[in-house]
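Side chains included, hydrogens not; waters and symmetry mates left out as well; all remaining heavy atoms used. Reminder, nothing fancy here: chain letters follow the sequence lines and each chain counts from 1.
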There are 2 protein chains.
Amino acid sequence: MTTPLRERMRLVREEAIVDVVNRLLADKGYDFMTVDEVAAEVGMAKASLYKHFASKEALAAAAMVRVLERALAAMDEIERAATPRPAIERLHDMLRWTMRTLYEGRMPSLPAQNSALRTVLTADKVYVNLLLRLSDRLGGWITEAQRDGTVSASLPPEVVLFTLYARACDPVLPLLKASGQYTPDQIYEWLSQTCFGGLHGTAAGAALHAGVGAPGAAAPAQAGPRLAVAPARTRSPAPGEAPRKRRPASPQARNRKSPTG
Amino acid sequence: MTTPLRERMRLVREEAIVDVVNRLLADKGYDFMTVDEVAAEVGMAKASLYKHFASKEALAAAAMVRVLERALAAMDEIERAATPRPAIERLHDMLRWTMRTLYEGRMPSLPAQNSALRTVLTADKVYVNLLLRLSDRLGGWITEAQRDGTVSASLPPEVVLFTLYARACDPVLPLLKASGQYTPDQIYEWLSQTCFGGLHGTAAGAALHAGVGAPGAAAPAQAGPRLAVAPARTRSPAPGEAPRKRRPASPQARNRKSPTG
DNA sequence: GTCTATAAAAAGATAGAC
DNA sequence: GTCTATCTTTTTATAGAC
């Protein structure tokens, strides 16, 4: 019954690799993550890495599979809660799990639309199966919430599901985090509010169709706050740091220095 | 007053180039767009292309600048409307413009988080200035809507602004479009609803804090619709078509299956 | 300004010694 | 299974003729 020592060591090694991949994937995305980098951070030679995973794609797939497993585990956890809670609250909890994972840099940035990663993942049986299981279970919660009226029944469940999934790559969260002026809980609260409650204020329903807002509506604290547009979120590579990977080819040098340097 | 013929021809040429870039950027994103491809679609040699634009980055920047100009023009248009309309409706119109642009494949896919494109754009004065102008004007509409109570005043204007911007790269729209079972107007309607009104149903406010949904709430039409998880949105390269660009290196055969063998 | 041909570099993957 | 050294392809960018 005891797994051979070799086998266990291999598993531990691969776990460490997937950890690194997961972090890099969250940090820079699939396209910017290089295998050299993975190998360097794990502390092994690239060729050795390829003994464990057949390709860069396999690396990414492993990380994605693990995040799906964690999501399913989070659902288990939520359902295990002592008192049976309404579906809408379970969905809230799941959204919060997603946001926290994203905030903490442990959410491998999903292949937004047409990334290389998508091509790979849709061909990966294990990944697709897990995604289907997750979607089915969430779909159950969603239709449950629609039946009890806490989630709008006029939306196809698909739309609700995708809307929740989209939070996993919501650019708003990183932007607010990068601004550095809000606590995680503030951010979670605002994003929960916009996701479930939308942007509308109290006078919204009436105003939209009457063409006029409620007269005595509370004015916001500040008069006209200048909106900061998150300038230069890009980390300019700090003096010591490596000067930005994947700058494919600037062979001759942009400013023509003397060839003898 | 008359611009020289040569000059006008150059401008027309460059307009055509930016058109192609814009479409490719919308279709595949910055990383997957290759300069060879741009040249091929424009119908000129790559070296000639480089006489017009100094780099791939400059190409992308030109496309992004143009989309910002179009967005500002859309705002002008909305403001020109005969009857002065409440800010919330103008914001609705702008959201719809964004969704239509995205739906029609004319929205260059924004650099989601840490794309190469971001690095370039944040250094581009023209782009940044336009983005600031757009943000300022939208910020005006937002605070106006918050004052009249149609947009929640408990949200920082920044959060509202970013939430609207995020619609420009909302993965939900492409997913729904790809499913092929909904009309554009249905999709716009649902996404407007989730953006401004959120996912909540009528019983939501009460249920969330009482822990129970309204008893007589309308049940959705279908009982338990199996959720389709948008399988394989990836266009497998049609028989005639080029076999998928940017598959960086698979020099030897791939038959090498799982490495632990 | 347009072309053909080519350089330069990066990144994925592998060979082969141990 | 680990390493070093190398190969292959892709892609950005440029040289140089006309």
Starting at OH of B/Tyr182, measure out to CD of A/Glu158 and round the result to the nearest 0.5 Å.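 Result: 4.0 Å between the selected atoms.
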Just verifying a value: how many Å separate B/Lys46 NZ and B/Glu37 CD, rounded to the nearest 0.5 Å?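 Atom-to-atom, B/Lys46:NZ and B/Glu37:CD are 11.5 Å apart.
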In this structure, how many angstroms lie between the [atom2] atom of [N] and the [atom1] atom of [X], rounded?
{"X": "A/Lys28", "N": "C/dA11", "atom1": "NZ", "atom2": "C1'", "result": "13 Å"}
{"X": "B/Glu57", "N": "D/dT12", "atom1": "CD", "atom2": "P", "result": "11 Å"}
{"X": "B/Lys56", "N": "D/dA13", "atom1": "NZ", "atom2": "C1'", "result": "12 Å"}
{"X": "B/Asp36", "N": "D/dT14", "atom1": "CG", "atom2": "P", "result": "14 Å"}
{"X": "A/Tyr50", "N": "D/dT4", "atom1": "OH", "atom2": "C1'", "result": "16 Å"}
{"X": "A/Met33", "N": "C/dG12", "atom1": "CE", "atom2": "C1'", "result": "11 Å"}
{"X": "B/Leu24", "N": "D/dT11", "atom1": "CG", "atom2": "P", "result": "13 Å"}

Are A/Lys56 and A/Tyr50 in a cation-pi contact, defined as NZ or CZ under 6.0 Å from the six-membered ring centre and within 45° of the axis?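 No.
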Is it true that atom CZ of B/Arg133 has more than 12 heavy atoms of other residues, nucleotides or ligands lying nearer than 6.0 Å?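 Atom CZ in B/Arg133 is not packed in, count stays at 12 or less.
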Side-chain contact, heavy-atom cut-off 4.5 Å: B/Val21 with B/Val42?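 Counting from C-beta outward, B/Val21 and B/Val42 never come under 4.5 Å.
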Close side-chain approach of A/Met75 and A/Leu138, heavy atoms under 4.5 Å: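 In short, these two side chains touch, coming nearer than 4.5 Å.
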What does A/Met9 touch in the nucleic acid at a heavy-atom separation under 4.0 angstrom: a base, only the sugar-phosphate, or nothing?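 It contacts nothing in the nucleic acid.
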Give a yes or no on whether a salt bridge exists between B/Asp19 and B/Arg66, defined as a side-chain N under 4.0 angstrom from a carboxylate O.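 Yes, charged N to carboxylate O under 4.0 Å.
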Check ion pair A/Arg96-A/Asp185 (N to O, under 4.0 angstrom):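 A salt bridge is present here (some side-chain N lies under 4.0 Å from a carboxylate O).
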Below 3.5 Å is the cut-off: list the nitrogen or oxygen pairs between protein and nucleotides 1-3 of chain C, distance only.
residue	atom	partner	partner atom	Å
C/dT2	OP1	B/Arg13	NE	3.4
C/dT2	OP2	B/His52	NE2	3.0
C/dC3	OP2	B/Ala45	N	2.5
C/dC3	OP2	B/Ser48	OG	2.8

Residue pair A/Asp170, A/Arg167: steps toward the salt bridge (charged side-chain N to carboxylate O under 4.0 Å, His left out) verdict: CA-CA 5 Å; A/Asp170 186 352; A/Arg167 291 321 108 207; 3.0 Å; yes
Let me test you: for the helix from C/dG1-D/dC18 to C/dC18-D/dG1, what is the angle between the axes at its two ends (five pairs each), rounded to 10 degrees?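 One end axis against the other gives 20°.
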